[in-house]
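The structure presented is a predicted model; accordingly, all values stated were derived computationally and were not measured. In what follows, chains are A, B, ... by sequence order, proteins preceding strands, each numbered from 1.
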Amino acid sequence: MSYSIPRGTYDILPKDSYRWQALKAKFTELAKAFGYEEITTPIFEVSDLFERSSGESSDVVQKEMYRFTDKKGRSFALRPEGTAPVVRAYVEHNMASSGNNKLWYWGPMFRYDRPQAGRYRQFYQYGLEFIGSDNPYWDAELISFLWLFLSGLGLKHLRLELNSVGCPNCSQDYDNALRAYFQPHLESLCPDCQKRYETKPRRLLDCKVTTCKQIAGSAPSQLDYLDEPCRDHFAAAKSYLDKLSIPYTINPKIVRGLDYYTNTAFEIVYEGIGAQNSLAGGGRYNGLIEQIGGKPTPAIGFAGGIERLLIALENEGISLGESPGTDLYLIPMGEQARDFILPWINRWRMEGITIGFDPDKSSFKSQLKAANNSQARFAAIIGEDELAQESVMLKDMQSGEQSLIKLSELVSTLKTKLNH
RNA sequence: GUGGGUGUAGUUCAAUGGCAGAGCACCGGAUUGUGGUUCCGGGCGUUGUGGGUUCGACUCCCAUCACCCACCCCA
């Protein structure tokens, strides 16, 4: 063995590419219907962008970022997530001047994590960002996009979980309340949770250790600590979701990993694809744009993991994106026939016909076999008889029927047969 | 970063410490221009890599790398 692919990465081979293309086509189609437009940002940015936006203490920044310095000693990072770069572009190009902005992206992200089912070091995300309004209608519309996209693919076992993480003021109150609640139990918590008590008390809520679970069971709920504007926002968002007929469940334990989230937080959970069962997650981030140097601007967005989505689709036996196959496989018999047919090949291709031809296959039999293996719809046999008549023997590979077709009529004949 | 499992042919898998094998796939052939079914034929592969134990290692031990799964965290 000479070289192997870097850990936690994978190749998308041709047979997989058809699924990817089909999936992306569905996504872009729906995004277009919702009035979203594509934005593509570089896959690396100055490290500081992510450190500031995600939060210094977040795991992403602490241990998962691919950092490197360039020749002038500047620190860059492979993007671990898509929102901060989009917001950077929004501010840098003064996109606020064009009013509300609806943006979508699709591309690779990078996190230095131990690979696992549905988790990679280079992984792909699709996402939407809506920038420019705090109206809870947009929360509901964006969430409805995600729901329609996923359920529209045919997925059945989806669950939309909803929460509000409040604003900086009330979330601070909540953290204090949580610490007050857990403080007497500190001794019996697992070591991880004892750390979490200091850094992110909310993380105590979804610990998997049974004793922690029991203690967390009657902890105060985030929702009881929302201040009035946050409570109103959440109530309005929920009522819009009801009006849009999007089913959801309230889960006050939803925690966002990155620091910039405010108010509405949501997640699409899909059981049965391993421990990493979150297909997509997102929320409102009203403070982020100001934080990275723009004018205070409310926004909301989400990101979904493509690998997990593909696993879920496979899990439900949903296939999409077949290989288009070969339209016509050429079988010239002998050198003379081959030279005769050669000038035609690219002409036919320019007409949009997928041509198969392999000069390495010499015998008639092996050429027919190759036609069969490439799942060609038709084969064109050109021997002495056909040569003499400027024709090919067009063979339907499924029925086995064949008929002599003039070269000048081949394209039109094929087009009617293929479009059927 | 921590723990468990697994690495043998393109692939799925066999092989008490004693000659590395099978199915599928692939290639060739079964009278000269008809594939898919059938029949016949075709496999020396650094047993992931590097050490060690042994007369002898795919098999046991150590290290290392990769993959899978879980913790952690998240998409």
(request) Indicate the ring-plane relationship of A:Tyr240 and A:Tyr137, choosing parallel, tilted or perpendicular according to the 30° and 60° boundaries. (result) perpendicular
(request) Pick base, sugar-phosphate or nothing for A:Gly8, based on heavy-atom distances below 4.0 Å to the nucleic acid. (result) sugar-phosphate
(request) Would you check if the distance from the ring center of A:Tyr66 to the ring center of A:Phe44 is below 6.0 Å? (result) no
(message) Of the listed nucleotides (B:rC73, B:rA75, B:rC71), which one gets closest to any side-chain atom of A:Arg111?
(response) B:rA75
(message) Quiz question: going by heavy-atom distance under 3.5 Å, is there a donor-acceptor pair between the base of B:rG35 and the side chain of A:Gln375?
(response) no
(message) I want to know whether A:Phe123 and A:Phe110 have ring centres closer than 6.0 Å.
(response) no
(message) So, OP1 or OP2 of B:rA70: does either fall under 4.0 Å of a side-chain N or O from A:Arg119?
(response) no
(request) Send over the distance from A:Gln276 CD to B:rC72 C1', rounded to a whole Å. (result) 9 Å
(message) I need the minimum non-hydrogen distance between A:Ser221 and A:Tyr174, along with the two atoms involved.
(response) C-CE1, 3.4 Å
(message) I want to know whether A:Trp20 and A:Tyr124 have ring centres closer than 6.0 Å.
(response) yes
(request) Sort out the partner of B:rU2 for me: Watson-Crick or G-U wobble, both distances under 3.5 Å, none otherwise. (result) B:rA70
(request) Would you indicate, yes or no, if B:rC72 has its OP1 or OP2 atom less than 4.0 angstrom from a side-chain nitrogen or oxygen of A:Lys208? (result) yes
(request) Would you mind classifying the nucleic acid contact of A:Ile381 as base, sugar-phosphate or nothing, using non-hydrogen atoms under 4.0 angstrom? (result) base
(message) Need one value for A:Asp385: base, sugar-phosphate or nothing, where a base atom within 4.0 Å counts as base even if backbone is also close, heavy atoms only.
(response) base
(request) State whether the side chain of A:Tyr270 and the backbone N or O of A:Leu309 hold a donor-acceptor pair below 3.5 Å, judged by distance alone. (result) no
(request) For A:Ser58, answer base if it contacts any base atom (sugar-phosphate contacts may also be present), sugar-phosphate if it contacts only those atoms, and nothing otherwise; contact means non-hydrogen atoms under 4.0 Å. (result) nothing
(request) Looking at every strand, decide which applies to A:Gly274 at a 4.0 Å heavy-atom threshold: base, sugar-phosphate, or nothing. (result) sugar-phosphate
(message) Could you tell me how far apart A:Lys395 (NZ) and B:rG35 (P) are, to the nearest whole angstrom?
(response) 7 Å
(message) Would you measure the distance from the P atom in B:rA15 across to the matching atom in B:rA22 and give it in whole Å?
(response) 15 Å
(request) Just call it for A:Glu64: base, sugar-phosphate, or nothing, with non-hydrogen atoms closer than 4.0 Å on any strand. (result) sugar-phosphate
(request) Calculate the interatomic distance between A:Leu204 atom CG and B:rC73 atom P; express it in whole Å. (result) 10 Å
(request) Name the pairing partner of B:rG21, where a pair is Watson-Crick or G-U wobble with both distances under 3.5 Å, or state none. (result) B:rC13
(request) With the side chain of A:Arg308 defined as its heavy atoms from C-beta on, choose the nearest nucleotide among B:rG36, B:rC74, B:rC73. (result) B:rC74
(message) Closest-nucleotide mapping onto RNA chain B: is A:Met393 or A:Tyr261 further toward the 5' terminus? I mean the 5' end.
(response) A:Met393
(message) Can you measure A:Glu401 atom CD to B:rG35 atom C1' for me and round it to whole angstrom units?
(response) 16 Å
(request) Examine B:rA75: is either OP1 or OP2 under 4.0 Å from a nitrogen or oxygen in the side chain of A:Arg79? Give yes or no. (result) no
(message) For a quick check of understanding: with a heavy-atom distance under 4.0 Å over all strands, which category does A:Met109 fall into, base, sugar-phosphate or nothing?
(response) nothing
(message) Can you check the distance between B:rG43 and B:rG21, where both ends of the measurement are the C1' atom (answer in whole Å)?
(response) 10 Å
(request) Rounded to the nearest angstrom, tell me the gap between atom CG in A:Leu394 and atom C1' in B:rU34. (result) 14 Å
(request) Look through every strand shown and name the nucleotide pairing with B:rU47 as Watson-Crick or G-U wobble, where both distances are under 3.5 Å. (result) none
(message) Closest approach to the side chain of A:Arg203, judged atom by atom: which nucleotide of B:rG3, B:rG35, B:rC73 is it?
(response) B:rC73
(request) To the nearest Å, give me how far apart CE (A:Met333) and C1' (B:rG33) are. (result) 4 Å
(request) Rounded to whole angstrom, note down the C1' distance from B:rA63 over to B:rC40. (result) 49 Å
(request) Determine the interatomic distance between C1' on B:rA57 and the same-named atom on B:rG50; round to the nearest Å. (result) 15 Å
(request) Rounded to whole angstrom, note down the P distance from B:rC62 over to B:rC44. (result) 34 Å
(message) Please report the distance, rounded to the nearest Å, between OH in A:Tyr124 and C1' in B:rC74.
(response) 18 Å
(request) For nucleotides B:rG4 and B:rU64, find the distance between their P atoms and express it as a whole number of Å. (result) 14 Å
(request) With a 3.5 angstrom cut-off on both distances, give the Watson-Crick or G-U wobble partner of B:rA30, or none if there isn't one. (result) B:rU38
(message) Which nucleotide wins on minimum distance to the side chain of A:Glu386, given the candidates B:rG33, B:rA66, B:rC27?
(response) B:rG33
(request) With a 3.5 angstrom cut-off on both distances, give the Watson-Crick or G-U wobble partner of B:rC60, or none if there isn't one. (result) B:rG52
(request) Measure distances between side-chain N and O atoms of A:Lys365 and base N and O atoms of B:rU34, and say whether any donor-acceptor pair falls under 3.5 Å. (result) no
(request) Using a 4.0 Å heavy-atom cut-off across all strands, classify A:Gln402 as base, sugar-phosphate, or nothing. (result) base
(message) Checking contacts here: which listed nucleotide (B:rU2, B:rG35, B:rA75) is nearest the side-chain heavy atoms of A:Glu307?
(response) B:rA75
(message) Distance check needed: B:rA75 C1' versus A:Tyr112 OH, whole Å only.
(response) 19 Å
(request) Look at the side chain of A:Gln367 and the backbone N and O of A:Pro332, then say whether any donor-acceptor pair between them is shorter than 3.5 Å. (result) yes
(request) Not counting sequence neighbours, list each pair that qualifies as a side-chain hydrogen bond (donor to acceptor under 3.5 Å, both in side chains) and has a residue in residues 35-44 of chain A. (result) A:Thr41-A:Arg79
(request) Determine the interatomic distance between P on B:rC24 and the same-named atom on B:rU37; round to the nearest Å. (result) 11 Å
(request) Could you work out the separation of B:rU59 and B:rU49 based on their P atoms and round it to a whole Å? (result) 11 Å
(message) Taking the six-membered ring for Trp, are A:Phe27 and A:Phe145 closer than 6.0 Å centroid to centroid?
(response) yes
(message) Let me spell it out: for each of A:Ala376 and A:Arg256, pick the nucleotide of RNA chain B with the closest heavy atom. Which residue's pick is nearer the 5' end?
(response) A:Ala376
(message) Quick check for you: among B:rG29, B:rA75, B:rC68, whose closest atom lies nearest to any side-chain atom of A:Ser363?
(response) B:rG29
(message) Quick check, does A:Phe364 stack with B:rG33? I mean ring centres under 5.5 Å and planes off by under 30°.
(response) no
(request) Mark yes or no for a side-chain to base donor-acceptor pair under 3.5 Å between A:Gln116 and B:rC74, with no hydrogen or angle criteria applied. (result) no
(message) Counting the atoms with a prime plus P, OP1 and OP2 as sugar-phosphate, which does A:Ala303 contact under 4.0 Å by heavy atoms, base, sugar-phosphate, or nothing?
(response) sugar-phosphate
(message) Looking at the base of B:rG36, is there any donor atom on it, or on the side chain of A:Asn372, that sits under 3.5 Å from an acceptor on the other one?
(response) no
(request) Please confirm whether A:Phe357 and A:Tyr329 have ring centers closer than 6.0 angstrom. (result) no
(request) May I ask you to say what A:Phe302 touches in the nucleic acid, namely base, sugar-phosphate or nothing, with a heavy-atom cut-off under 4.0 Å? (result) nothing
